Q: 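Below is the structure I would like to discuss, written out as C-alpha cells.
Counting convention: from 1, in listed order, for ligands and their atoms alike. Reckoned from all heavy atoms, side chains included, excluding hydrogens, waters and symmetry mates. Computed from a predicted model, the values in this text were never measured in an experiment.
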Amino acid sequence: MSMRLPFFKKNKQSQPENDSELVNVPEHVAIIMDGNGRWAQKKGLPRVAGHKEGMDVVRNTVKAAVNYDIKILTLFAFSTENWKRPKSEIEFIMRLPKEFLHIYLPELMENNVRIETIGDFNTLPDYTKEAIQYAKEQTKDNNGLLLNFALNYGSRYEIMRAIKLIMSDADHAKISIDEIDENLFSEYLYTNGLSDPDLLIRTSGEMRLSNFLLWQLAYTEFWFTDVLWPDFSEDIFKQALLDYQHRKRRYGGI
Ligand code: FPP
C-alpha cells in the first residue's frame, strides 16, 4: 500500500514563514498544467506516469491555493482537442478524477472546497461523470476554495455554444437583441457567475493559450514557467503570486 501524506488543514501556521510577503493575492487563478508527457519521457517512463504524478501535484496545488486564500482555482485537465490522443492515454486521464476524488474527497470536504467543472460534461465517460457528479453534490454547500476543473473544455466551442443559446433565447423571445452586451454574453458561458481569472499560469515553457478561456482571459495577467507540471511546487506557485502582486493592471486605462 502506498503511503500518502495527510492532507492539509487550512491553517495559517502551516504556511511557509515568509508568506507575509504575499499581498494582493489573486481571487481567481487559472492553470494550464502542461508537460506531463515530457516529464515522463525524460525519466524513461510511459507518458501516463506523468499524468499520474500530475494528479498528486494537483493535490499540492489545491493545498497551496487554500492556504493562500485564493477563491477560485481553474485547472485545465482535458481539452476538446485532447481526444486526438491515443485511446489508452485518454482513458487513463479520464480515470484520474475518480482516483483523485476517491483519495482526496474527504479532505477536500474538511477544507471546505467546492468542486465544479467547465466544459462539455455530458460526453465524458460514465465513470468520470459519476465520480465528479458525486463530488459536486457532496461539496455543493462548501464556501471555501472553488476547485474548477476544465474537462472536455474548448473555448471556441464554448463561445459558439453561447451564441447558439443566445439565438435560441432570442427566437423564443426570452431576450431581445438590444439586451446583448458583454455581461449577458458572459452569462451564457460555462463560467457564468465566476469572476474572470486574475492570473494565468502555464507550465512547460509553452507560451500559448491552446483554446483556454479566450473570452475570460481578456485582461488576465500571464505567468509562464519552464518547469514541467509534475515538478510544479508550492514555491513556484508562490513565485507566480509574488510576481503578480507587482503587476499594474490598468484594463486599458492609464
Ligand atoms: C498536458 O500535458 C496535460 C494533460 C493533457 C493532462 C492534465 C492532467 C493532469 C495534470 C492530471 C489531472 C488530475 C485530475 C485530478 C483531473 P501533456 O501530456 O500535453 O504534456 P506534454 O506536452 O509534455 O506531452
Q: Show me which atoms of ligand 1 lie under 4.0 Å from any heavy atom of N82.
A: 5 (C)
Q: Tell me the protein heavy atom at minimum distance from atom 14 (C) of ligand 1, and give that distance in Å.
A: F149 CE2, 4.1 Å
Q: One residue to check: W229. Relative to ligand 1, which of side chain, backbone, both or neither has a non-hydrogen atom less than 4.0 Å away?
A: side chain
Q: With no hydrogens and no angle check, do the side chains of N152 and T123 hold a donor and an acceptor under 3.5 Å apart?
A: yes
Q: Do G37 and ligand 1 have an N or O pair less than 3.5 Å apart?
A: yes
Q: Between the side chains of E158 and Q216, does any donor sit under 3.5 Å from an acceptor?
A: yes
Q: Considering only the protein, which heavy-atom contact is closest to atom 6 (C) of ligand 1, and what is its distance?
A: A77 O, 3.4 Å
Q: What atoms of ligand 1 come within less than 4.0 Å of a heavy atom belonging to F100?
A: 15 (C)
Q: Would you say R47 has any N or O atom under 3.5 Å from an N or O of ligand 1, going by distance alone?
A: yes
Q: Check for a donor-acceptor pair, side chain of T117 on one end and backbone N or O of A150 on the other, with a separation under 3.5 Å.
A: no
Q: Among E206, R85, R38, K42, which one has a heavy atom closest to atom 18 (O) of ligand 1?
A: R85
Q: I need the atoms of ligand 1 closer than 4.0 Å to a non-hydrogen atom of H51, numbered in the order shown.
A: 4 (C), 6 (C), 11 (C), 18 (O)
Q: Give a yes-or-no answer on whether the side chains of D243 and Q239 include a donor-acceptor pair shorter than 3.5 Å.
A: yes
Q: Would you mind running through ligand 1 and noting each atom that sits below 4.0 Å from a heavy atom of L96?
A: 11 (C)
Q: How far is atom 9 (C) of ligand 1 from the closest protein heavy atom, and which atom is that?
A: N36 ND2, 3.7 Å
Q: List the closest protein heavy-atom neighbour of atom 3 (C) of ligand 1: residue, atom name, distance to the nearest 0.1 Å.
A: M33 O, 3.2 Å
Q: Think R95 forms a cation-pi with Y127, using NZ or CZ under 6.0 Å from the six-ring centre and within 45 degrees of its axis?
A: yes
Q: So is S204 in contact with ligand 1, going by heavy-atom distances below 4.0 Å?
A: no
Q: Which protein non-hydrogen atom lies closest to atom 13 (C) of ligand 1, naming both residue and atom, and how far is it?
A: V58 CG2, 4.0 Å
Q: Consider only side-chain N and O atoms of W215 and S186, and report whether a donor and an acceptor are under 3.5 Å apart.
A: yes
Q: So, R38 and E206, do they make that salt bridge, N to O below 4.0 Å?
A: yes
Q: Give the C-alpha distance, both sets of side-chain angles, the deciding distance and a yes or no for salt bridge (Lys or Arg N to Asp or Glu O under 4.0 Å) between E99 and K52.
A: CA-CA 10 Å; E99 186 175 350; K52 176 89 165 127; 2.4 Å; yes
Q: Output yes when a side-chain donor or acceptor of D198 lies under 3.5 Å from a complementary backbone atom of E27, and no otherwise.
A: yes
